[in-house]
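To start, the structure under review is shown below, and the notes come after it.
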Amino acid sequence: MKESVYVAADIGATGIKLVAAGWDGRELKVRDTYSVRHYPLVKDGRDYVDIETMLRAIREGLERFAERFQLISLGIDTFGNGYGVLDKAGRLLLLPHHYRDRRIDGIMDHLHEHYSDWEMYCEMGNVPIKTRGLLHLLQDVLEASPNIEEGERLLPLPNLLEYLLTGEMCAERTIASVLYMLEKDGQDWNRKVFRELGIPDRLFMLLCEPGEARGRIKSSFSTVEGIAGLPVITVAGHDTEAALLAIPDLNENKAFVSMGTSFVLGARVKEPVVNESSFQSGFKNMRGAFQTYSLCKDVPGFWILERCMERWRQDIPDLNYEMVCEAVKSAPQNFSFINVSDDRFRVSETDILKTISDYCRETGQPEVSGMQQVARCLFESYALCVAWNIGELERITGKHYEQIVALNGGVQNKLLLQMFADAAGISVVAGSPWASACGNLLLQLYGTKAIGTKEELERAAFASCRLETYESRRSLYWQDRMKHITKSGFFGRL
C-alpha cells in the first residue's frame, strides 16, 4: 500500500521546488523532492511570468510523486507581486508581466500625481516601491491594457495557478497584502485608492483565508492516476508568510530574515505600525495567517548574486555557491559596500557587474572588480543591511531582539549566516531551507482537518523543524563598518 503524502509547490522567483511529505500525527517528514530552475520569460524586450514552466513543473513533480505515493492534497505558494487578470469567459487576458520588468521605471512619477509616498503609506501601511503589484496595475491603466478594459477578475499568482488547475477562483489575503493592494490593517482591498488611480472595482473579489479547500485538479491537467481530482488547499500564498508559519516559537522578541531571491527581514507585531519613523525607515506591514502582522521590508537578495554568477559563469561554467563562498574567504579586505535596496538592483539589467562598479564610483568608494572583490563587497553589504535594519526595528518597536531567525534556501550559505550574526551582534538561528514548503504543508494539514487549531499547527512546526545556531563573534571589524555606514547615512531609507 502506498504511503500518503501532502505536496507543497513552492515557486520562487528563480526556482521551483515541490516537496512531498508524510504526516505521522506528530511531525512532517519529507519523502521526496523535485526542483527546477526558472527565470522570467523574456519576450520582445519585456520580462513575463513563465506560467507554462510553473505548470509544467507542478505536473512533473506530481507525476513523479504519484508513482510512489498516494497524494492527499496540493498547496501552492509563490513569490510576491505577480497577478493575472481574467475576462468574462474566465480566460487569462495577458501573460502576466514579471514584477522586475522595466516597464514600470517611470511609474512613481505617475503615482505622485495622485498621492505622495507618505499618503500612500498611511493608506496601505506599506512603502510604495515601483515593483509592487499595485504599481504594475497602475501601468496597466496608463497603457489602457486589456487587463483594465476587459478584465473581470484579478487573481494573485498562486491563486491564478490554482485556478488554472481547478477552475476555482479566490484571492488569498496574505498574498494580496504583499501585492500592495489592501488597507493598512489588511482587512479589505483598498478600494478608495483603486478609484483614485482608475483601477476598476470589479476586478476584486472577496478575500479568502489561508487553510481553505479550494477545488480539485481537472482531469485535463494530467492523465496519471492519482492526480486528477486531487484536492487543492489555498495556503498562505506568499512564500515568506508560509515560511514564518514553519518557525517554532516565533515571538515578538525575535527578528527574522527569509533568504531567497529577495530577503524579507522584520519581526512579528501585535498590530500594524504606521508612523513617521517606520515610514522613514522603509518598513511595511504584512498581513499574515491567523490575523497576524509582520513589520518588515524586502530587499533584493540572491537576485543580485545570481545575476553576478551568470556573468562569472561565462568564464567559470561550473561555478556554484560553494566556490563563491571560498572566493569571499580568500578576498582581500573590503572597503566598498552597496545599498542592496537601491532601485537599480531591483529590476532586470544587462550588466550587473558594471552596475555594482558604477554604484561604488558614484558613491565615492573604490570600484570593485573580479569575483573575489565583488562577492565580498556583496556579502558584507547583505550582512550590514540586515544588521542595520535590526537596529532600525529596535528603534521603531522599542524592543530588543534576542535572535535572528533565518529561513529558506539561503540558510545553506553558512558563511553569510555567520556574517549576519557577527555584524548584528546577536545569534542567528537557521531554520529549514524548505521553510516555505513546510509552512505550506502545515496549512494543508489544517485545511484537510488533519490538525484542527493554530496551537496544533505550532506544535507540528516545532516537531518538524531542526534548528542550527550561529553565535555572534563580536569584532572591531564589524563594529567599525557599522559605525561607518551609520555615520554616513549609507543605507538611509531602504
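Because only heavy atoms are used, hydrogens play no part in the values below, and waters and symmetry mates are left out as well, while side chains stay in.
Salt bridge annotation for Glu306-Arg37: present, with a cationic side-chain nitrogen under 4.0 angstrom from a carboxylate oxygen. Under a 4.0 Å N-O distance rule, the pair Arg202/Glu152 qualifies as a salt bridge. Of the charged side-chain nitrogens involved, at least one lies within less than 4.0 Å of a carboxylate oxygen, so that Glu241 and Arg268 count as a salt-bridged pair. Electrostatic pairing of Asp422 and Arg474 does not count as a salt bridge here, judged by no charged N lying under 4.0 Å from a carboxylate O. Ion pair Glu380/Arg376 flagged as a salt bridge, since at least one NZ, NE, NH1 or NH2 atom sits closer than 4.0 Å to an Asp/Glu carboxylate oxygen. Glu468 has no carboxylate O lying under 4.0 Å from a charged side-chain N of Arg466, or vice versa, which leaves the two without a salt bridge.
Separation of the Phe256 and Phe263 ring centroids does not fall under the 6.0 Å cut-off. Taking the six-membered ring for Trp and the full ring otherwise, Tyr382 and Phe420 have centroids separated by 6.0 Å or more.
The 12-atom threshold is not exceeded at CZ of Phe462, counting heavy atoms of other residues, nucleotides or ligands nearer than 6.0 Å. Annotation: Gln291, atom CD; neighbour count of heavy atoms from other residues, nucleotides and ligands within 6.0 Å does not exceed 12. Counted within 6.0 Å of CD on Glu455, heavy atoms from surrounding residues, nucleotides or ligands total more than 12; the atom is thus considered enclosed. Counting heavy atoms of neighbouring residues, nucleotides and ligands inside a 6.0 Å radius, atom NZ of Lys184 does not exceed 12 of them.
Side chains of Glu172 and Asn159: no donor on one and acceptor on the other come within 3.5 Å. For the residue pair Ser262 / Asp298, no side-chain donor-acceptor distance below 3.5 Å is found, with atom types taken as modelled. In the model, Gln444 has a side-chain atom that pairs as donor or acceptor with a side-chain atom of Ser73 under 3.5 Å. In summary, the side chains of Tyr34 and Glu60 do present a donor paired with an acceptor at a separation below 3.5 Å, with no hydrogens or angles considered. No hydrogens or angles considered: nothing links the side chains of Ser427 and Ser472 as a donor-acceptor pair under 3.5 Å. No hydrogens or angles considered: nothing links the side chains of Thr131 and Arg100 as a donor-acceptor pair under 3.5 Å. For Glu392 and Ser281, the side-chain atoms include at least one donor-acceptor pair closer than 3.5 Å.
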>> Run the salt bridge (Lys or Arg N to Asp or Glu O under 4.0 Å) test on Glu212 and Arg214 for me, step by step, so that the C-alpha distance in whole Å, both residues' side-chain angles and the decisive distance to 0.1 Å come before the verdict.
In response: CA-CA 6 Å; Glu212 294 182 359; Arg214 185 53 45 208; 3.0 Å; yes
### Message
The test is salt bridge (Lys or Arg N to Asp or Glu O under 4.0 Å); show your working for Glu310 and Arg307 and say whether it passes.
### Response
CA-CA 5 Å; Glu310 286 175 8; Arg307 301 289 76 71; 2.6 Å; yes
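Paired with Asn440 under the rule side chain to side chain contact (heavy atoms under 4.5 Å, CB included), one option of Asp239, Asp77, Leu245, Leu74 passes, and it is Asp77.
In this structure, Arg216 contributes its side chain and Val232 its backbone to no donor-acceptor pair below 3.5 Å. For the pair His98 (side chain) and Ala13 (backbone), a donor-acceptor distance under 3.5 Å is absent. Using a distance-only test at 3.5 Å, with no hydrogens or angles considered, no donor-acceptor pair links the side chain of Arg311 to the main chain of Ile352. In this structure a side-chain-to-backbone donor-acceptor pair under 3.5 Å is present from Ser330 to Ala327. A distance-only check finds a donor-acceptor pair linking the side chain of Asp101 to the backbone of Asp47 [under 3.5 Å]. Without hydrogens or angle criteria, Gln412 side chain to Gly409 main chain gives a donor-acceptor distance under 3.5 Å.
Residues passing the side-chain contact (heavy atoms from CB on, under 4.5 Å) test with Asn285, sequence neighbours excluded: Tyr121, Pro272, Val273, Val274, Leu295.
Between Tyr446 and Phe290, the ring planes lie perpendicular to each other; the angle is over 60°, past the 30° to 60° tilted range.
Taking CG of Leu207 as the reference point, atom CG of Leu182 lies at 6.0 Å (rounded to 0.5 Å).
Cation-pi geometry between Lys297 and Phe283 is met: under 6.0 angstrom from the ring centre, within 45 degrees of the axis.
Put simply, the side chain of Thr234 reaches to within 4.5 Å of the side chain of Glu162, judged on heavy atoms.
Pairs passing the side chain to side chain donor-acceptor pair (under 3.5 Å) check and including a residue from residues 242-257, sequence neighbours excluded, read Glu252-Lys270.
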